[in-house]
2 protein chains.
Amino acid sequence: MDTKTRMIETATKLFQQRGYKAVGLNELLRACETTKGALYHHFPGGKEELLIACLHSLNETLTRDIELLFNCESSTEAAVRAVIGEMIKDLDRDGTIAGYTFSSIVSEMSLLSEPARDACRALYEKIQSIFHAKLLEDGFSNNQASSVSLFLTASIEGGLLLCRAQNSSIPLKTISNVIPELMKEF
Amino acid sequence: MDTKTRMIETATKLFQQRGYKAVGLNELLRACETTKGALYHHFPGGKEELLIACLHSLNETLTRDIELLFNCESSTEAAVRAVIGEMIKDLDRDGTIAGYTFSSIVSEMSLLSEPARDACRALYEKIQSIFHAKLLEDGFSNNQASSVSLFLTASIEGGLLLCRAQNSSIPLKTISNVIPELMKEF
DNA sequence: TAGTAAAAACAGACCGGTTGGTATGCAGAA
DNA sequence: TTCTGCATACCAACCGGTCTGTTTTTACTA
């Protein structure tokens, strides 16, 4: 794997786990097994340009992963539960989540960097659009699908936050169990 | 107002808006209109001890604010919508939320500082317990109330995250509108 | 009530380490 | 030989934290 790709993949995980500011440049480079020269060669804009690249890359991998799961399941409900199941698996195995989310980045960058916020918004929109399409298949109206896809995205991200605070996967499990109740009402 | 209280109140807002690492010590002291001497006099443990103090203080004010709103409303549904309404008001007025949430802190501190994570967990538990009590009044079973209070907390925090990413209060408004649909199903 | 000593509440200079960022060097491919 | 793809040395700025004063308040005594 070439240096640039390796940097993006490694940095993405670190940023997802701990946020932007909390990950120092030297630590980042050590984890990527590379140097500042390589960083500023591939990303003249430095750390922030790398972050944007990570978010764009995340957009692709996330889309691919989620769509893959969604294609295996018949209903939106089952599909969402499958996605949450993957998060729980990661959480129970590694004690942390380095996929499917980027809340650490959103909260600290939204006030600081316009491009970063845009990239995060695009990411959320992409996820919601996948949910949205599946909901339409399930017979939801366009308006309903919009509301529900947003609601699903929010509760998953919020659930992850609770998991981090509790250092446990129980909140996400609870949310996963509540979702069927929620979906059948519409 | 004495220095210590002023420091806690000012720092709390900054930490809520931008997270822990993103707020530098010097910037913090400037905002509090004080000096390092005062900081390390009142908080020998430095910045982190101040953060913990902020989280404890937040626990009290948040509890008071939410309980006040909850006492004015008859149902849990109306009460939750009132809480979200306050968040939306803040968001539309200031462009940022410096109350009712601390997601920025959770995501970056959960892996770094055990005491900070504990304080965050206590905060979420407190919020959920208020929701829980009101749900019992509404006739929910104990189990249902636990699930729903967690679900409500998660979707509000997640909704705020989406608001930050979109720089808009629409996500929270949508969530506020979906909640009645959700509540009547149980 | 005045005087005084001790303690609390700061203020600010200073520290080593780290930050993100730059400039230069240098090997290998084209 | 020229260009890409790094590596290394170096930088000023800033980080959180410590240390040594100085001022203000408090407590007690004469």
Side-chain angles (χ1 to χ4, degrees), chain A residues 1-55 57 104-105 107-117 119, chain B residues 1-55 57 104-105 107-117 119:
Chain A
M1 191 193 302
D2 66 342
T3 304
K4 188 172 181 176
T5 311
R6 197 177 63 246
M7 293 188 71
I8 291 181
E9 292 195 358
T10 312
T12 301
K13 281 184 191 167
L14 283 176
F15 287 146
Q16 282 182 286
Q17 287 173 348
R18 312 226 314 272
Y20 180 75
K21 288 260 179 184
V23 180
L25 203 51
N26 291 322
E27 178 197 3
L28 188 66
L29 296 169
R30 225 177 297 125
C32 298
E33 290 177 320
T34 184
T35 61
K36 296 199 175 179
L39 169 64
Y40 284 90
H41 172 72
H42 293 292
F43 308 98
K47 195 185 174 190
E48 180 163 335
E49 185 175 336
L50 173 59
L51 171 69
I52 308 282
C54 287
L55 291 172
S57 148
S104 337
I105 301 163
S107 24
E108 62 175 322
M109 295 309 281
S110 61
L111 283 170
L112 299 177
S113 159
E114 183 75 19
R117 210 197 47 223
Chain B
M1 191 194 302
D2 68 341
T3 304
K4 188 171 180 177
T5 311
R6 198 176 63 246
M7 293 188 71
I8 291 181
E9 292 194 0
T10 312
T12 301
K13 281 185 192 167
L14 283 175
F15 287 145
Q16 282 182 287
Q17 286 173 347
R18 312 226 315 272
Y20 179 75
K21 290 256 181 186
V23 179
L25 203 51
N26 292 321
E27 177 198 0
L28 189 66
L29 296 169
R30 227 177 296 125
C32 298
E33 290 177 321
T34 185
T35 61
K36 294 199 176 177
L39 169 65
Y40 283 90
H41 172 70
H42 293 292
F43 307 98
K47 197 186 174 189
E48 181 164 334
E49 185 175 334
L50 173 60
L51 171 69
I52 308 282
C54 287
L55 291 172
S57 147
S104 335
I105 302 164
S107 21
E108 61 174 322
M109 296 307 282
S110 62
L111 284 171
L112 300 177
S113 159
E114 182 77 18
R117 209 197 49 222

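Proteins come first, then strands; the chains are lettered A, B, ... in the order of their sequence lines, and each starts at number 1. Remember, it's a predicted structure, so these values are computed and weren't measured experimentally.
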Between [X] and [N], does any side-chain N or O lie under 4.0 Å from OP1 or OP2?
X: Asn26(B); N: dC15(D); answer: yes
X: Thr34(A); N: dA7(D); answer: yes
X: Thr3(A); N: dC6(D); answer: yes
X: Tyr40(A); N: dT22(C); answer: no

For the pair made of [atom1] in [X] and [atom2] in [N], what is the distance, rounded to whole Å?
X: Asp2(B); N: dA8(C); atom1: CG; atom2: C1'; result: 13 Å
X: Leu39(A); N: dG5(D); atom1: CG; atom2: P; result: 15 Å
X: Leu29(B); N: dG17(D); atom1: CG; atom2: P; result: 11 Å
X: Glu33(B); N: dC10(C); atom1: CD; atom2: P; result: 13 Å
X: Arg30(B); N: dC14(D); atom1: CZ; atom2: C1'; result: 11 Å
X: Lys4(B); N: dT24(D); atom1: NZ; atom2: P; result: 22 Å
X: Glu27(B); N: dC14(D); atom1: CD; atom2: C1'; result: 12 Å
X: Lys21(B); N: dC14(D); atom1: NZ; atom2: P; result: 18 Å

message: Quick check on Glu27(A): does its CD atom have over 12 non-hydrogen neighbours (other residues, nucleotides or ligands) under 6.0 Å away?
response: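 Buried by this count: over 12 neighbours within 6.0 Å.
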Under 3.5 Å, is there a donor-acceptor pair between the side chain of Ser104(B) and the main chain of Gln16(B)?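 At least one qualifying donor-acceptor pair exists.
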- Query: When all nucleic acid strands are considered with a 4.0 Å heavy-atom cut-off, which category describes Gly46(A): base, sugar-phosphate, or nothing?
  - Reply: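 Sugar-phosphate, backbone atoms only, no base.
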Starting the side chain at C-beta, find the nucleotide from [options] nearest to [X].
X: His42(B); options: dA9(C), dA11(C), dG20(C); result: dA9(C)
X: Ala38(A); options: dG16(D), dC10(C), dC6(D); result: dC6(D)
X: His41(A); options: dC10(C), dG20(C), dT4(D); result: dT4(D)

Problem set entry | Gap separating the OG1 atom of Thr10(B) from the CE atom of Met1(B), nearest 0.5 angstrom |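 Result: 7.5 Å between the selected atoms.
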Looking at Lys36(A) and dG21(C), is any side-chain donor or acceptor paired with a base atom of the opposite kind under 3.5 Å?
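Such a pair is found, so the answer is yes.
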TODO: Take Arg117(B) and Glu114(B) through the salt bridge (charged side-chain N to carboxylate O under 4.0 Å, His left out) test and state the conclusion after the steps.
DONE: CA-CA 5 Å; Arg117(B) 209 197 49 222; Glu114(B) 182 77 18; 2.9 Å; yes
Point to revise | Row check, Tyr20(B) ring normal vs Lys21(A) NZ/CZ: under 6.0 Å, within 45° | key: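 Ring-cation test returns no.
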